[in-house]
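First up is the structure itself, then whatever we jot down about it.
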Amino acid sequence: SVLTSWLLHIHIEDPKTSYQRCTLSLFAAMGNSCSNNLGIPPAKGPNAVGCSDFMMDHTVEGTFFRLYYPCVVSDNAEKPDWIPCKGYFYGLADFMKINRGLSEKIFNYLFGSFKIPAALNGSYKQNGKYPVVIFSHGLGAFRTLYSAICTELASQGFIVASVEHRDESASATYFYHQKPQEPEKDEASPPKPNPEAPENLVEEWMYYRSLKPGESEFPLRNKQVKQRADECIKALDTLIQINSGKNMENVLQTEFDWTTLENSMDLCRIAVMGHSFGGATVVEALCKDVNFKCGIALDAWMFPLDEEIYVRVKQPIFFINSEKFQWAGNISRMRKLDSSSTSMQRKMITIKGTVHQSFPDFTFLTGNWIGKILKLKGEIDPQVGIDLCNRASLAFLQRHLGLDKDFNQWDHLIEGKDHNLIPGTNQNTT
């Protein structure tokens, strides 16, 4: 028997009570007995999916995202690790306030072998112009943890940028600073290498910032949601420049040929999407940038938003909620958006049997009963739950981006017409 299961919450601060609810659950003499059957499900669309990381400007003010896109089929394509490197294991450990050394071993044992079902740096598939989605992760997450959603969108013909936020709400992220320059010995010294080249940069990690004792939560979260929206807009601006054919230097120097994305994006059809804190980021981003034609908020946490924002958002929004996470006060905030637009533009559904963690990939990577104990799984089959989420999202995107697709076959899901859906909410807000 081995030590196996640890509780992971992508959104660990309970907005209902504003105290940290994330605890470490260590089970002895238990194994993930179904580990051979676990894994992130492959996308179901007609396109193979590629992914690559992009970092523009090596400093903390730069932009950092993972791009998912339709790619050329390759039988021997390399698939990226779900957790990119050790620094993210450390971030999860710090986030959960547990020992780094021990947790790294456990995390690596539980999740180190999982791959994202996409071709790392796969060749871009030229097939007209694809609509664009910018994705915002939840509190304590990072850019790779929603790959089941992002790869599905890419397989259906979207270009998706999953932003890694640098507002200290991610469990971990990184950027670079320049190495100190050595003084030149004499005029005959060889020229210095490019100061922007990776060999002249030092990696610096940024980890999740917890609330300080006695600190009020709203000012921090409100500041963060504004920065998050700005980072989504910055990622979109970067894609717009790439699409224009401008030579954009990728600090990470991946093998992907970014010039192949010239004229690949339909910049009249752009949406923003996010989970939990990322759901609030969706609302903030819609308010700040009209380039986003619509938004999809997955189990949104509305607490960080200013009261004044509700009447300023004009674009369509789709709230897809879990059955177990939401509460009346949060739903009431969502419904405030209805007053600024028509009911046809603002939709809400609840997926029966789901929990808050039914949207990130963790729900696919733990055994059934352990997942339920740790609230990483609900009563619904995770695949059924994510399919409902993805198909309803695709139908909404087709409706409000004006796509010429067949996603309208799932229009009934937008209205909550399925035995696994509740139209609106299961919460009593009267």
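Keep in mind it's a predicted model, so treat the numbers as computed, not measured.
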Report summary line: Only one of Trp82, Tyr146, Phe107 passes ring pair (Phe, Tyr, Trp, His ring centres under 6.0 Å) with Phe362, and that residue is Trp82
Query raised in the report: Is there side-chain contact between Leu397 and Leu153, with heavy atoms separated by less than 4.5 Å?
Result: yes
Query - Row check, Tyr207 ring normal vs Arg100 NZ/CZ: under 6.0 Å, within 45° - result: yes
Requested in this report: Taking the side chain as every heavy atom from C-beta outward, state whether Phe65 and Thr238 have any atom pair closer than 4.5 Å.
Outcome: yes
Query raised in the report: Mind checking whether His356 and Phe325 have parallel, tilted or perpendicular rings, split at 30° and 60°?
Result: parallel
Query raised in the report: Would you say the side chains of Gln241 and Asp237 form a donor-acceptor pair under 3.5 Å?
Result: no
Query - Validation row: Arg269, Val132 side chains within 4.5 angstrom (heavy atoms) - result: no
Report task. Kindly compute the distance separating NZ (Lys347) from SG (Cys294), expressed to the nearest 0.5 Å. Result -> 14.0 Å
Query raised in the report: Any sub-3.5 Å donor-acceptor pair from Ser276's side-chain atoms to Gly138's backbone N or O?
Result: no
Query raised in the report: What's the spacing between Asp230 CG and Arg228 CZ if we round to 0.5 Å?
Result: 12.0 Å
Query raised in the report: Within the distance-only criterion (no hydrogens, no angle test), does the side chain of Glu204 pair as donor or acceptor with the backbone N or O of Tyr176 below 3.5 angstrom?
Result: no
Report task. Kindly indicate whether the side chain of Asp299, heavy atoms from C-beta on, has any atom under 4.5 Å from the side chain of His275. Result -> yes
Query raised in the report: Do you know which two heavy atoms are closest between Ile98 and Ser103, and how far apart they sit?
Result: CD1-CB, 3.8 Å
Report task. Hey, can you tell me if Trp205 and Tyr174 have their rings parallel, tilted or perpendicular (30° and 60° cut-offs)? Result -> tilted
Query raised in the report: Looking only at heavy atoms, what is the nearest atom pair of Ile296 and Ser393, with distance?
Result: CD1-CB, 3.6 Å
Query raised in the report: For the side chain of Asp81 and the backbone of Ile83, is there at least one donor-acceptor N/O pair under 3.5 Å apart?
Result: no
Query raised in the report: Which of parallel (below 30°), tilted (30 to 60°) and perpendicular (above 60°) describes His400 and Phe396?
Result: tilted
Report task. Please check if any side-chain donor atom of Lys324 sits under 3.5 Å from a side-chain acceptor atom of Ser358, or the reverse. Result -> no
Query raised in the report: Do Thr425 and Phe319 come within less than 4.5 Å of each other through their side chains, counting heavy atoms only?
Result: no
Report summary line: Interatomic distance, CD1@Ile331 vs CD@Gln427, rounded to 0.5 Å, equals 6.5 Å
Query raised in the report: Would Leu388 and Lys352 satisfy side-chain contact (heavy atoms from CB on, under 4.5 Å), going step by step from the backbone distance to the final call?
Result: CA-CA 10 Å; Leu388 287 168; Lys352 293 179 183 178; over 6 Å; no
**Report entry** Arg399 side chain near Asp411 side chain, heavy-atom distance below 4.5 Å
**Finding:** yes
Query raised in the report: What are the two closest non-hydrogen atoms of Cys232 and His165, and how far apart are they?
Result: SG-CE1, 4.0 Å
Query - Nearest-0.5 Å distance, CE of residue Met265 to CG of residue Asn263 - result: 9.5 Å
Query raised in the report: Which residue, Tyr88, Phe142, Tyr208, forms the ring pair (Phe, Tyr, Trp, His ring centres under 6.0 Å) with Phe95?
Result: Tyr208
Query raised in the report: Any luck finding a side-chain donor-acceptor pair between Glu164 and Thr173 under 3.5 Å?
Result: yes
Report task. Identify the two heavy atoms, one from Cys389 and one from Leu298, that lie closest to each other, and give their separation to 0.1 Å. Result -> SG-CD2, 3.7 Å
Query raised in the report: Would a distance-only check, ignoring hydrogens and angles, find a side-chain to backbone donor-acceptor pair under 3.5 Å from Thr354 to Glu323?
Result: yes
Query - Steps toward side-chain contact (heavy atoms from CB on, under 4.5 Å) verdict (Leu38, Phe364) - result: CA-CA 6 Å; Leu38 301 177; Phe364 298 104; over 6 Å; no
Query - Near-ring test Phe218/Phe303, centroid separation under 6.0 angstrom - result: yes
Report task. Flag the pair His58 / His177 as yes when their ring centroid distance falls below 6.0 Å, and as no otherwise. Result -> no
Query raised in the report: So do the side chains of Gln398 and Leu394 get within less than 4.5 Å of each other, counting heavy atoms only?
Result: no
Report task. Could you tell me the separation between the CD1 atom of Ile159 and the CD1 atom of Ile242, rounded to the nearest 0.5 Å? Result -> 9.5 Å
**Report entry** Identified salt bridge (Lys or Arg N to Asp or Glu O under 4.0 Å) partner of Asp306 from the options Lys288, Arg333, Lys226
**Finding:** Lys226
Query raised in the report: Would Lys336 count as a cation-pi partner of Tyr310, with NZ or CZ less than 6.0 Å from the six-membered ring centre and within 45° of the ring normal?
Result: yes
Report summary line: Nearest heavy-atom contact between Ala93 and Asn99 is CB-O, 4.3 Å
Query raised in the report: Between Phe407 and Trp410, what is the ring plane arrangement, given parallel below 30°, perpendicular above 60°, and tilted in between?
Result: parallel
Report task. Report the relative orientation of the aromatic rings in Tyr124 and Tyr69; use parallel for angles under 30°, tilted for 30 to 60°, perpendicular for over 60°. Result -> tilted
Requested in this report: Answer yes or no: is there a side-chain heavy-atom contact under 4.5 Å between Met248 and Met56?
Outcome: yes
Query raised in the report: Going by atom types alone, do Glu104 and Asn108 pair a side-chain donor with an acceptor below 3.5 Å?
Result: no
Requested in this report: Of all the heavy-atom pairs spanning Gln357 and Thr363, show the shortest one and how long it is.
Outcome: O-CB, 3.4 Å
Query - Main-chain N/O of Asp53 paired to Asn250 side chain as donor or acceptor, under 3.5 Å - result: yes
**Report entry** Arg312 and Glu308 ion-paired at < 4.0 Å
**Finding:** yes
Requested in this report: Apply side-chain contact (heavy atoms from CB on, under 4.5 Å) to Tyr68 and Ser147, showing your working.
Outcome: CA-CA 9 Å; Tyr68 297 87; Ser147 64; 3.8 Å; yes
Query raised in the report: Taking Asp361 for the side chain and Ile40 for the main chain, is one N or O donor matched with an acceptor at less than 3.5 Å?
Result: no
Query raised in the report: Will you find, in the side chains of Lys377 and Asn368, an N or O donor that is under 3.5 Å from an N or O acceptor?
Result: no
